A.B. asks: 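First, the structure itself, so that you have it in front of you.
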Amino acid sequence: MRLIPAFIVVIFLLSSCSSTKHIASGKDEFGRLKLLSEYEVPFNKEFQNTVIGGLSGIDYDSANQVYYIISDDRSERNPARYYKAKIISNDSKIDSVEFIETTLLKNMEGNFYPGPAQDIYHTPDPEAIRFNASNNSLVWSSEGERIVTSDRVVLEDPTITEINDKGIYTDTFVLPPQLPMSALNQGPRRNSVFEGLSFADNYKTLFVNVEEPLYNDGSRAGLNDATGLIRILKFDVTSKKPVAQYGYRIDPVAYPPAPEGAFVFNGAPDILSVNANDLLVIERSFSTGRPGCTIKIYMADLTSAENIQDVNSLVGKNVKLVQKKLLLNMDDLHIYIDNIEGVCFGPTLSNGHRT
């Protein structure tokens with residue numbers, strides 16, 4: 001699921017059964033999701049001496065009408081980077097996608113991030129990116145690294161980093177005590193940590209999700225297994241400190257693998273804030289032997305969820321979880337869906353509905 005060079009953009013029309021605002025509750029309501037269009041960037045397309053591929057997080061700067069798109073290339077093909085792009089579209093379809101700038105990310109020391117061949121202990125694994133319109137900065141997440149074998153142990157903690165529009169490091173968010181990498185069966189699983197970011201409350205809050213359950217929170221998703229619990233973290237943007245965590249139950253794996261016993265997976269590759277307490281959550285299920293992925297989009301309500309920030313293990317705990325409601329199973333679109341990694345709001349359509 002890594003470094004897929006082909007990039008498909010899918011735009012959805014978000015509309016409610018009545019209006020897009022519910023006056024009494026002050027919440028955005030979405031009654032349905034409608035597929036508008038898709039666009040494919042050619043395989044192995046090059047831009048400014050880089051290969052466009054492994055595109056993961058995406059966000060939209062409405063004032064300048066540009067998108068920020070991060071690559072999850074771990075500085076293997078080219079240095080860790082994000083792109084600025086124009087997605088030219090109308091009310092019914094995407095006309096074209098134009099990449100306009102490549103920005104290489106820099107670490108705390110002001111250097112480009114090394115690849116695993118140069119320094120595997122300090123190699124980033126970029127996954128998500130969000131634009132902060134209040135100060136024209138960006139935040140991006142890295143999943144870190146966890147390799148535990150008989151002859152080598154590599155532990156690199158996941159990070160959430162703030163940068164300026166030149167890719168230069170400015171600050172780091174404080175890591176909660178449950179999230180450092182460990183050689184023991186606790187903490188994050190490899191390649192399953194900070195997959196999604198989303199600002200909320202006028203950029204005062206940052207929500208971050210863990211893609212799969214932590215070791216100490218139980219097992220990964222399986223067939224007919226609805227026990228998988230991931231964490232959604234809430235940060236105060238000013239202090240860069242975590243203020244809450246919430247448990248979210250992911251679905252079982254959608255289909256059995258072929259052959260039996262082969263690799264299966266379900267997790268959350270991105271989230272998107274609708275308001276202070278509601279998030280769109282993307283769930284992605286993959287089963288060996290089945291083409292493409294099953295992508296489900298949920299509305300998640302954090303209002304009554306219990307703050308589990310001081311709970312180190314969810315195994316055997318009876319906590320109030322995030323409530324979720326299915327908005328769309330993309331299997332119902334009856335088109336081939338590959339790997340979905342990012343979601344953002346785009347331009348508002350002429351009918352007033354959001355993309």
Side-chain angles (χ1 to χ4, degrees), residues 4-22 27-43 45 47 52-53 55-71 82-101 128-131 133 196 198-199 269-275 278-284 291-300 325-355:
I4 296 177
F7 174 41
I8 297 178
V9 178
V10 182
I11 284 188
F12 293 96
L13 167 63
L14 283 75
S15 63
S16 82
C17 297
S18 53
S19 66
T20 55
K21 275 288 186 183
H22 188 279
K27 288 187 176 183
D28 290 314
E29 290 189 346
F30 301 106
R32 65 192 178 98
L33 293 168
K34 177 184 178 182
L35 174 66
L36 291 184
S37 178
E38 62 183 65
Y39 184 95
E40 186 168 343
V41 174
F43 178 78
K45 178 181 175 68
F47 176 72
I52 299 173
L55 300 181
S56 189
I58 180 170
D59 207 16
Y60 181 57
D61 172 5
S62 59
N64 296 298
Q65 299 182 335
V66 296
Y67 291 82
Y68 295 90
I69 313 174
I70 199 165
S71 172
Y82 70 83
Y83 297 97
K84 288 175 69 174
K86 293 274 189 179
I87 299 178
I88 296 91
S89 61
N90 55 35
D91 279 1
S92 62
K93 74 169 191 175
I94 301 169
D95 178 75
S96 59
V97 176
E98 178 189 1
F99 289 83
I100 58 176
E101 187 177 320
I129 191 168
R130 292 293 176 192
F131 174 69
S198 190
F199 284 110
D270 209 356
I271 56 176
L272 181 62
S273 171
V274 176
N275 54 52
D278 291 317
L279 299 169
L280 293 178
V281 177
I282 313 299
E283 292 194 32
R284 171 185 58 191
C293 295
T294 292
I295 307 296
K296 296 179 182 179
I297 304 176
Y298 283 95
M299 182 67 77
K325 174 186 176 183
L326 181 65
L327 295 182
L328 177 67
N329 182 341
M330 292 177 72
D331 284 356
D332 296 337
L333 299 176
H334 304 295
I335 61 175
Y336 177 73
I337 301 294
D338 204 312
N339 186 22
I340 299 294
E341 294 243 348
V343 59
C344 71
F345 287 119
T348 300
L349 302 178
S350 61
N351 62 9
H353 295 165
R354 303 186 78 177
T355 57

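Values in this document were obtained by computation on a predicted structure and should not be read as measured data.
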A.B. asks: With a 4.5 Å cut-off on side-chain heavy atoms, are Leu280 and Met299 touching?
C.D. replies: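 Counting from C-beta outward, Met299 and Leu280 do come under 4.5 Å.
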A.B. asks: Working to the nearest 0.5 angstrom, can you tell me the gap between Ile87 CD1 and Glu98 CD?
C.D. replies: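 Nearest 0.5 Å value for the CD1-CD distance: 11.5 Å.
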A.B. asks: Indicate whether the side chain of Asn275 and that of Asp278 have a donor and an acceptor atom separated by less than 3.5 Å.
C.D. replies: yes
A.B. asks: Do the side chains of Val66 and Glu101 get nearer than 4.5 Å, heavy atoms only?
C.D. replies: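 When only atoms from C-beta onward are counted, Val66 and Glu101 do not touch, as no gap falls below 4.5 Å.
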A.B. asks: Specify whether Tyr68 and Phe131 have parallel, tilted or perpendicular ring planes, treating 30° as the upper limit for parallel and 60° as the lower limit for perpendicular.
C.D. replies: parallel
A.B. asks: Does any non-hydrogen side-chain atom of Arg284 lie less than 4.5 Å from one of Ile340?
C.D. replies: no
A.B. asks: Apply side-chain contact (heavy atoms from CB on, under 4.5 Å) to Ser350 and list each qualifying residue two or more places apart in sequence or on a separate chain.
C.D. replies: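 Partners of Ser350 by the side-chain contact (heavy atoms from CB on, under 4.5 Å) criterion, ordered by chain and then number, come out as Asp91.
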A.B. asks: Quick check for you: to the nearest 0.5 Å, what is the distance between Cys293 atom SG and Ile337 atom CD1?
C.D. replies: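 Answer rounded to 0.5 Å: 9.5 Å.
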A.B. asks: Charged N to carboxylate O under 4.0 angstrom, Lys86 versus Asp95?
C.D. replies: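 Judged by the 4.0 Å cut-off on N to carboxylate O distance, Lys86 and Asp95 do not form a salt bridge.
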A.B. asks: Under a 4.5 Å cut-off applied to non-hydrogen side-chain atoms, are Arg130 and Cys344 in contact?
C.D. replies: yes
A.B. asks: Taking ring-ring contact (aromatic ring centres under 6.0 Å, His included) as the test, write out the residues that go with Tyr298, two or more places apart.
C.D. replies: none
A.B. asks: Walk me through whether Ile335 and Leu35 qualify under side-chain contact (heavy atoms from CB on, under 4.5 Å).
C.D. replies: CA-CA 11 Å; Ile335 61 175; Leu35 174 66; 3.7 Å; yes
A.B. asks: Roughly how far, to the nearest 0.5 Å, is CZ of Arg354 from CG of Leu349?
C.D. replies: 11.0 Å
A.B. asks: In Å and rounded to the nearest 0.5 Å, what is the CD1 to CZ distance from Ile52 to Phe99?
C.D. replies: 4.0 Å
A.B. asks: I need the minimum non-hydrogen distance between Ser273 and Ser198, along with the two atoms involved.
C.D. replies: N-OG, 2.6 Å
A.B. asks: Ignoring hydrogens, what is the shortest heavy-atom contact between Tyr67 and Pro347? Give both atom names and the distance.
C.D. replies: OH-CD, 3.2 Å
A.B. asks: Once rounded to the nearest 0.5 Å, what's the spacing between atom NZ of Lys296 and atom CG of Leu327?
C.D. replies: 12.5 Å
A.B. asks: Let me confirm one number: the CD1-CG distance from Ile129 to Asp270, rounded to the nearest 0.5 Å.
C.D. replies: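 It is 11.5 Å, given to the nearest 0.5 Å.
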